[in-house]
Structures are given as structure tokens and as C-alpha cells.
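Here the structure comes first, spelled out in C-alpha cells, and everything after it is commentary.
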Number of protein chains: 2
Amino acid sequence: MKTADRHTQIADAAMRCFARRGFAGTTTRMLARAAGVSEALVFRHFPDKRSLYDEIVERKVGEEDDGLFPEEAAARGDDRAVLASIAAALVRRVESDADFMKLLTFSCLEGTSLSRRYFQARDRTAIEFLSTYLARRIREGALRPVRPETAARAFLGMSLHHLHLKHVLGLPVRRRPARELVETWVDIFLGGMKR
Amino acid sequence: MKTADRHTQIADAAMRCFARRGFAGTTTRMLARAAGVSEALVFRHFPDKRSLYDEIVERKVGEEDDGLFPEEAAARGDDRAVLASIAAALVRRVESDADFMKLLTFSCLEGTSLSRRYFQARDRTAIEFLSTYLARRIREGALRPVRPETAARAFLGMSLHHLHLKHVLGLPVRRRPARELVETWVDIFLGGMKR
DNA sequence: GGCATGTAAGTGAGTGTTTACTTACTTCAG
DNA sequence: CTGAAGTAAGTAAACACTCACTTACATGCC
């Protein structure tokens, strides 16, 4: 097998392990088993356990997801479209990458510096985009005067709390189609924000 | 020192350790150091590391918090009071017990059965109380027809997401007085739920 | 009071096992 | 033949947990 392929294969398997048991809870033996190779090979590809872990996070920081920054809907002032796009993007991201979200939560709890980097890079920009948009719409008189940051967090919270319970913590949440959920969140939020 | 005192003292110190590093990330040596005793004494009080961990969770399952089930405001149909009481109770709980909330999140991620028990006992009842209340108010025509469970989760999500970021994950969140936050959440939610 | 005695509180120095990581070796395609 | 891909068999340290032992002190007896 080519070096690069094996490298990513090990990293992929490792992500699943770390997501399930956390950094401290995962042994290098588990990592090797999950990737179907010997422990020695894992250490040929990564200098140590921590580097492997860090590389997984690092790789994800770069990824982008569509819909999280709906610039054109924002330019049009289409509140409904902006919010629905963001919420749908969050659902997509968490559902398609539940393992990484778990790993990330572990990482935050364990206090790794990389998790902070990730949140700075992604969560932060999402909240800033939305609160900037809301601030403008409030200035335009289209929405009630509320602290934009608080309101933005409140909206993201509706989606993220649900997604967190379901996909990260794996707790039983009544199943509803994503489209219906997004619609409900947007309806409630916009209803509460309109003048 | 009396047995019972030392027992709780070790458990208290252990909670701080487990909250900071998780179960797997905490060594019995750390537990002993944190409690200021020898490792041997820890094992005199608890049969093993897991039992110590479990006992901490078990102890908390029993605790109750005021305001999470505002029965009388609910009976009056005072939506604002019901929601504000619940949100304030959540803020109080998470702020006063951030360590345990971290431990609990770790526990869920690590897949311990006890964390499920906790959520069944507490989160579940909170969501049920609120969604039952909302269902009634919708039936009475006071609120828009929305799935009560989805709406209830959405409301709790606004508070819990914020609290989770700030106190559990320890991420930088702009500081606002709790009272102001609660008011904003209630305003947005009720505005969006009113007919 | 003085002093033996029983017991609960507490620990230093281990136990065997598991851990992260290494070394010395084999295999095999080009 | 060479070099890259791969591993079996280690190593030292750290791990959860135990054991044999030492206090500290209350109690009862003279």
C-alpha cells in the first residue's frame, strides 16, 4: 500500500477510535487494530499518539461547509433563507461527521489547544456572520432591537443543542425530518425577532 | 478524620479530577493527590476507580433543583413565568455545578450507562414538563400549533447551548447578566410561539 | 492517674499488567 | 540489489490495585 493511502487510512480509523473513547481512553493497540496494521506501523506514520490526534483535528480545521455563510440571501435581506441555510448547514455538518464532532467535544473537555483553534476558526466565524447580519437587520428596523450576539447564539443553540444531544451524546431524541425541524426553529426565531 | 467525612472529601476531590480529565485521563495517583491522602486510602474507601466514579454520578441523580418545574406558574398559564423559571433554573444549575456538568458530558461521550440514567432522570423530565405545558397551551389556542417536543427542545437549546459553551467547554462567550439572557430567550421564544 | 488493649485511620513499598514507543528483523516490488 | 512497507518481540515507565505495617486514640481496668 502507498504511504499516503495508509496514512489517511490510519487517521480515519483513529478518528473513529478517539471519537468513541477520547484521547486518554484510546490505546495505541486499539488504533492499530482498528486500522488493521501493527502498532509499529502506526508509529512509522506518526511520531507519536498525540501527533496523530492533532493531525486529525488540524485536517478538519481547513474544511469548509456550504451554506454556513449564505452571503447572497443575506444581501437580499431574506431572513428566512439566511436562517434556514445556516441551520440546514449545521444539520448536514453534524450528521455527516458525527464522529469528528464527538472527538472535538472530547478535545475541548480534555482542554487540548487544538480544539480552541477549531472553534475559533469555525464556530466563531459562524456566530459572527449571523450576529453581523442580525445587527444590520435590526438597524434597518426589520427586526426587534435585541443584542445581536445573544440572539445569534440563541438561534444556533436551538439547532446545535438538538444535534448535540442526538449525534454527539447519543441520547434518545424523538426523530423528526430535518426539514421540519429547521422550519420550526426558523419560525420560532423569526416570529420572536420580527417587530 | 471520620470515615464518612473522608469518604465525601475523596469523592469531592475526585469529581474535580474527573471533570478536568475524564475517567480514563485521571489516574488513581491524581485522585489521591487531589484528596491529600495516599492511594491506598482511596481504595480503602472505594473498591475500585470505577465505583468511585459511579458513586459521584449516583449521588447527583438524586439531587433536585428548584424552579425546573414551575407548577404554579404553569397552572396559572403564565407562559413568561414558566419559561423564565426554567431558564433561570438551568443557569443556576450549570453555573453552580460546572464540574459535574463536565463530568457528565465526559461520561456520556465515554458511554457509561450511568450518564444515561442521569439524563433519563433529569433532562427527560424537564423536557417532558415543558412540552406537556406547551401542548396544553397550544390546545387552549394561546400558542401557535407547533410540535410541542420540538419547541420545548428549541427553548432549552437556547439556554443550554450557551451554558454548555461557556461552562462545560470553557469557550469564550461574551458575558451578559443572566437575567438579561433569560429575558432575551423568553422574548424570542414567546414572540415566536404566540399566535 | 497510669497503662494495657482493641480498633479504626492511614500509609510506603510493593504486585502484576498495560501502556506508549523502539529495535532489529523480514518481505517483496522495481 | 535496493529501498520502502511491514512486523514480532521487545523496553521502560505508568497503571490500578494490594499487603504488611504503623500510628492515633478511645475504652476499661487497676
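Numbers restart at 1 for each chain; the letters A, B, ... are given by sequence-line order, proteins then strands.
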Looking at A/L104, is its backbone amide N or carbonyl O close enough to the side chain of A/S115 to form a donor-acceptor pair, meaning the two atoms are under 3.5 Å apart? no

Any residue of residues 1-38 of chain A with a heavy atom less than 4.0 Å from an atom of DNA chain C: A/T26, A/T27, A/T28

Give a yes or no on whether the ring-centroid distance for B/H161 and A/H161 is below 6.0 angstrom. no

Check whether the ring centres of B/F106 and B/Y53 lie less than 6.0 Å apart, and answer yes or no. no

From the candidates D/dG6, D/dA16, C/dA20, the one with an atom nearest any side-chain atom of A/K49 is C/dA20

A/L41 side chain: which of D/dG6, C/dT23, D/dC17 is closest? D/dG6

On DNA chain D, compare the nucleotides closest to A/R44 and A/E39; which residue's is nearer the 5' end? A/R44

How long is the line joining CG of A/L52 and P of C/dC21, in whole Å? 10 Å

I need the OH-C1' distance between B/Y53 and D/dA16, as an integer number of Å. 17 Å

Do we see a donor-acceptor contact under 3.5 Å between the side chains of B/S51 and B/D48? yes

Ignoring hydrogens and geometry beyond distance, is a side-chain donor-acceptor pair present between A/R117 and A/Q120 at under 3.5 Å? no

So, do A/F155 and B/I188 sit near enough that their side-chain heavy atoms are less than 4.5 Å apart? no

Closest to the 5' end of DNA chain C, once B/H45 and A/R50 are matched to their nearest nucleotides, is B/H45

